[in-house]
Amino acid sequence: MGLRLYNTLTRELEDFVPLEIGRVGMYVCGPTVYGPPHLGHGKSYVSFDIIVRWLRYLGYAVAYVQNITDVGHLTDDADSGEDKIAKQAKKEMKHPMAIAEYYTWMFFRDMDRLNCVRPDISPRATGHIPEQIELVQTLVDKGYAYEVNGSVYFDVSKFAGYGKLSGRNVEEMQAGARVEVNSEKHSPADFALWKKAEANHVMQWNSPWGKGYPGWHLECSVMSMKYLGKTIDIHGGGIENQFPHHECEIAQSEAANGVQFVKYWLHHNMMTVNGQKMGKSLGNFITLDQVFTGQHTALSRAYDPLAVRQLILNSHYRMTMDFSDAALAAAQSGYDRIAEAVQALRNKIVSAPTGAADKSVLAELDAAKAKFEDAMNDDFNTAIAVSVLFEMVKITNRLLENPKTTAETFKAIDVQFRRLGGDVLGIVPEVYPHAATADNDLLDYLVGQMIQKRAEARRNKDFAASDAIRKDLEARGIVLEDKPGGVTTWRRNK
RNA sequence: GGCGGCGUACCCAAGCGGCCUAAGGGGACGGUUUGCAAAACCGUUAUUCGUCGGUUCAAAUCCGACCGCCGCCUCCA
């Protein structure tokens with residue numbers, strides 16, 4: 001079975017056929033950098049990270065572009081209100097570019113912690129002002145846009161396909177529109193390509209229409225075209241951007257180029273808190289950093305970034321996910337369970353007897369892999385994919401109890417964990433941060449000394465002393481576990 | 001008002017016409033193991049999928065109505 005994905009444009013599950021054999025151009029709408037990234041960003045970019053990773057697993061050479069919006073757009077409606085980055089800049093008494101710089105850094109930091117692969121290109125909107133002006137000019141020249149008083153608007157009535165992505169038509173929208181009519185526009189549905197800047201607007205550029213700044217929708221069209229071409233395979237983003245943002249991107253791009261802009265539109269759904277969308281505007285968001293440090297009243301503890309990732313993968317990307325501390329705690333427990341098994345497995349490879357890998361285990365692994373691949377090919381069903389990892393955990397634990405299991409058998413399982421759990425899902429790291437290996441040698445030695453002291457106390461039936469040692473270590477985040485055969489292992493439990 | 005989506009066990013969540021008397025995780029309870037823990041293992045926890053109808057040999061899955069919740073139509077992941 002090949003890859004099938006849900007295309008928002010056609011509202012159907014479609015076979016994935018790239019424009020060019022073996023290559024995929026993928027553009028994902030990035031964040032506007034005026035605040036710390038929150039759990040919603042996590043769901044968004046983990047979702048697309050998985051898609052990129054899966055395409056690469058399938059052998060495609062993927063060019064992954066994800067922009068950074070560092071020009072503030074407007075806080076209330078399309079034609080008035082304040083630039084959000086400028087607003088934050090005033091608040092922090094910094095230059096808008098300093099704000100963008102700082103939150104861009106924070107975004108990358110948190111995405112790295114979530115184990116998202118970096119985009120191949122992270123273009124900034126401010127780095128593409130000439131190209132944006134060029135596109136506006138093209139649209140004016142072709143008669144799709146008009147200038148009024150230093151601002152340029154796209155004339156929606158000139159573009160027949162407007163509404164094809166979101167399934168709306170202009171008349172219906174106007175009936176219930178919440179937007180105040182802007183007198184400059186020919187029609188309320190028209191949208192700004194270029195806005196005239198007032199003198200006190202910090203971010204502004206020269207243009208054929210005077211000093212101004214670009215409209216929000218413009219950057220994605222421009223950067224997508226510049227780095228991936230006039231028609232791209234995949235464009236991703238949040239469902240809330242389906243309209244107007246993506247609809248406007250299509251109108252601009254197709255009007256200018258005369259060819260289809262995007263073949264497959266992929267939209268992920270929102271993260272909610274108590275059933276309400278989590279958003280910067282709503283102020284109900286929990287930042288990723290707060291989750292990783294436990295610094296939020298809604299959280300009972302700090303969570304592993306990869307446990308957050310696992311929580312996100314636990315549901316389908318097109319479904320809303322209601323966030324709760326309990327759900328995250330459950331994901332953390334599940335993550336720990338996989339981590340325990342994988343670490344035990346890797347430790348065992350060293351001491352297990354040599355010999356050929358067990359054929360029946362290899363067959364089980366193949367069956368698991370097939371199930372995993374089918375699930376991922378079915379519109380990226382990560383929930384099933386994660387469940388396959390748990391099946392592998394079961395196999396692992398079963399074999400760990402059998403002293404005859406060979407190192408080759410364990411190696412085969414580890415390879416599959418690395419491939420599916422690591423390369424694809426990104427929830428099984430190459431090396432666990434707190435694993436008793438490598439640079440933790442000294443700690444391993446010291447804890448080993450304590451384990452010996454405790455073993456001695458236990459031999460003397462001095463359980464008070466042995467329990468004291470265990471409690472003491474536990475208070476410092478080190479858990480001792482007595483395994484069958486008189487072996488005691490340790491692990492960290494922050 | 002228009003457009004879209006969701007409602008599955010105590011919680012999260014997959015399944016989208018027959019292999020479903022419904023994956024997987026968490027939790028809870030019982031058992032094995034253990035000096036005690038921890039971890040692991042075994043077992044139990046939805047004859048039922050918001051409600052009511054309909055289509056079908058067959059429905060959680062399709063259709064209709066109703067109830068509840070959410071998103072978009074203003075910036076937003």
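Labels below follow one simple rule: chain letters A, B, ... track the order of the sequence lines, proteins then strands, and each chain is numbered from 1.
Nucleic acid contact class of N397(A) (heavy atoms, under 4.0 Å, all strands): sugar-phosphate only. Counting any heavy atom pair closer than 4.0 Å across all strands shown, F390(A) reaches sugar-phosphate atoms only and no base atom. Using a 4.0 Å heavy-atom criterion, one finds that P37(A) contacts no nucleic acid atom at all. Within 4.0 Å of H38(A), counting heavy atoms only, lies at least one base atom of the nucleic acid. Contact annotation for L480(A): base contact, defined as any heavy-atom pair under 4.0 Å involving a base atom. No contact: Q242(A) has no heavy atom under 4.0 Å from any strand. Within the nucleic acid shown, T272(A) has no heavy atom closer than 4.0 Å to any nucleic acid atom. Base engagement by M271(A) is indicated by at least one non-hydrogen atom pair under 4.0 Å involving a base atom. Using a 4.0 Å heavy-atom criterion, one finds that G275(A) contacts the sugar-phosphate atoms exclusively. When heavy atoms are screened at a 4.0 angstrom cut-off, R458(A) is found touching base atoms of the nucleic acid. Residue E474(A) is out of contact with every strand shown, counting any heavy-atom pair closer than 4.0 Å.
Contact annotation: K277(A) side-chain N/O to rA77(B) OP1/OP2 distance is not under 4.0 Å. N381(A) has a side-chain polar atom (N or O) that falls below the 4.0 Å cut-off from OP1 or OP2 of rG15(B).
Donor-acceptor pairing under 3.5 Å, judged by distance alone, is present between the side chain of D482(A) and the base of rC36(B). In this model, a side-chain donor or acceptor of R470(A) finds a partner on the base of rC36(B) within 3.5 Å. With hydrogens and angles left out, the side chain of N269(A) and the base of rG5(B) share no donor-acceptor pair within 3.5 Å.
Spacing between rC52(B) and rC57(B) at atom P, rounded to whole Å, works out to 23 Å.
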Which dot-bracket string describes RNA chain B (Watson-Crick N1-N3 plus N6-O4 or O6-N4, or G-U N1-O2 and O6-N3, all under 3.5 Å; [ ] crossing; | other strand)?
((((((((.[[[..)..(.....]]]((((((.......))))))....[[[[[..)....]]]]])))))))....
Pair R118(A), D112(A) - check salt bridge (Lys or Arg N to Asp or Glu O under 4.0 Å), show working.
CA-CA 8 Å; R118(A) 288 273 182 116; D112(A) 285 349; 2.8 Å; yes
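Salt bridge present: R53(A) and D49(A) bring a charged side-chain N and a carboxylate O closer than 4.0 Å.
With a 6.0 Å radius and a threshold of 12 heavy atoms from other residues, nucleotides or ligands, K369(A) has its NZ atom at or below the threshold.
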